[in-house]
Undergrad: 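Here it is, the structure in full.
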Amino acid sequence: MASKKVIKLLNEQIANEGDFSQLYLAMAVWAEANGFMGTAKFMFRQAEEERGHMFKFVRFLLEIGEQAEVPAVKEPKASYKDIQEIFEAALKHEQFITASIYKIMSEARESNDYAVTSFLQWFVNEQVEEESNVKQVLDIIRLAGKVSLYLADKEIGAFGAGK
Ligand code: FEO
């Protein structure tokens, strides 16, 4: 039987994953409205994934005979400067989620709760993949920024070339 503290943390994680799904959805909406269709596609997919994670926590709590609390929907940040800001915010949130998973994991381990640790292992692996994906996108954005500077620099160098 899971401890009260672990149950509380698992319920908090339902809210964390749900909030994150909403945040990704708002990012998708901003991206599509501003013409960044690739980012919108990425974010719509992530919004669904995070909703799936929320459901996994709900299902797990029900399977172990505990109360699953369905949280209120929080209004996410809806406006961004550019896609770099979006992915930087996404990375921060993924890191927050990773830290919250680790917190539940260490509580469950302390109380020798093998069912919860086994359930959480999937999320530990998932977070490694998700953080890595967002970091790779940030690398792409930063490299694209450098290419733009390089192209601008070439243009600048070409000023007055025929004089
Ligand atoms: Fe479910 Fe990537 O946090």
Side-chain angles (χ1 to χ4, degrees), residues 2-34 36-111 113-143:
S3 73
K4 278 202 166 67
K5 192 163 184 188
V6 168
I7 299 299
K8 184 172 175 285
L9 289 172
L10 289 169
N11 268 303
E12 283 173 10
Q13 198 60 22
I14 294 176
N16 289 340
E17 303 283 354
D19 288 345
F20 204 5
S21 176
Q22 292 295 105
L23 182 67
Y24 270 139
L25 184 58
M27 288 171 167
V29 169
W30 181 91
E32 182 153 336
N34 286 278
F36 296 104
M37 302 307 281
T39 296
K41 190 175 166 194
F42 184 102
M43 292 301 171
F44 275 123
R45 194 175 55 227
Q46 285 309 116
E48 279 188 6
E49 278 203 17
E50 298 305 343
R51 189 168 164 77
H53 295 171
M54 178 179 74
F55 272 57
K56 275 182 190 281
F57 279 96
V58 170
R59 292 280 352 144
F60 179 73
L61 278 160
L62 293 175
E63 278 166 17
I64 62 170
E66 297 292 343
Q67 178 71 38
E69 292 163 16
V70 179
V73 176
K74 266 197 223 158
E75 191 176 344
K77 176 176 159 69
S79 174
Y80 293 88
K81 190 169 58 138
D82 51 33
I83 59 170
Q84 182 162 344
E85 189 187 7
I86 278 192
F87 281 96
E88 281 169 352
L91 181 58
K92 265 194 196 148
H93 277 82
E94 290 291 2
Q95 288 166 337
F96 167 77
I97 292 287
T98 301
S100 60
I101 297 285
Y102 285 11
K103 190 175 168 190
I104 313 172
M105 184 63 117
S106 65
E107 274 304 323
R109 287 175 81 142
E110 259 182 43
S111 53
D113 192 330
Y114 302 115
V116 172
T117 53
S118 169
F119 167 71
L120 288 176
Q121 189 57 50
W122 183 89
F123 285 92
V124 170
N125 300 339
E126 177 75 358
Q127 284 310 112
V128 171
E129 188 188 317
E130 294 206 324
E131 280 194 29
S132 168
N133 288 345
V134 176
K135 280 179 191 159
Q136 282 181 54
V137 172
L138 276 169
D139 284 344
I140 292 169
I141 292 169
R142 287 186 191 122
L143 284 173

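In listed order, ligands and their atoms are each counted from 1. Because only heavy atoms are used, hydrogens play no part in the values below, and waters and symmetry mates are left out as well, while side chains stay in. As the structure is a prediction and not an experimental result, all values here were calculated from the model.
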Undergrad: Would you indicate whether Lys77, at its atom NZ, is surrounded by more than 12 heavy atoms from other residues, nucleotides or ligands within a distance under 6.0 Å?
TA: yes

Undergrad: Asp82 versus Phe36: any side-chain heavy-atom pair under 4.5 Å?
TA: no

Undergrad: Check whether NZ of the Lys or CZ of the Arg Arg45 lies under 6.0 Å from the centre of the six-membered ring of Phe42 and within 45 degrees of that ring's axis.
TA: yes

Undergrad: Less than 4.0 angstrom from a charged side-chain N to a carboxylate O is my criterion; do Glu12 and Lys8 meet it?
TA: yes

Undergrad: Around atom CZ of Phe44, are there more than 12 heavy atoms of other residues, nucleotides or ligands at under 6.0 Å?
TA: yes

Undergrad: Holding to side-chain contact (heavy atoms from CB on, under 4.5 Å), I want the full list of residues that pass it with Glu48, two or more places apart in sequence or in another chain.
TA: none

Undergrad: So which protein N/O/S atoms does atom 2 (Fe) of ligand 1 have within less than 2.8 Å?
TA: Glu50 OE2, Glu94 OE1, Gln127 OE1, Glu130 OE1

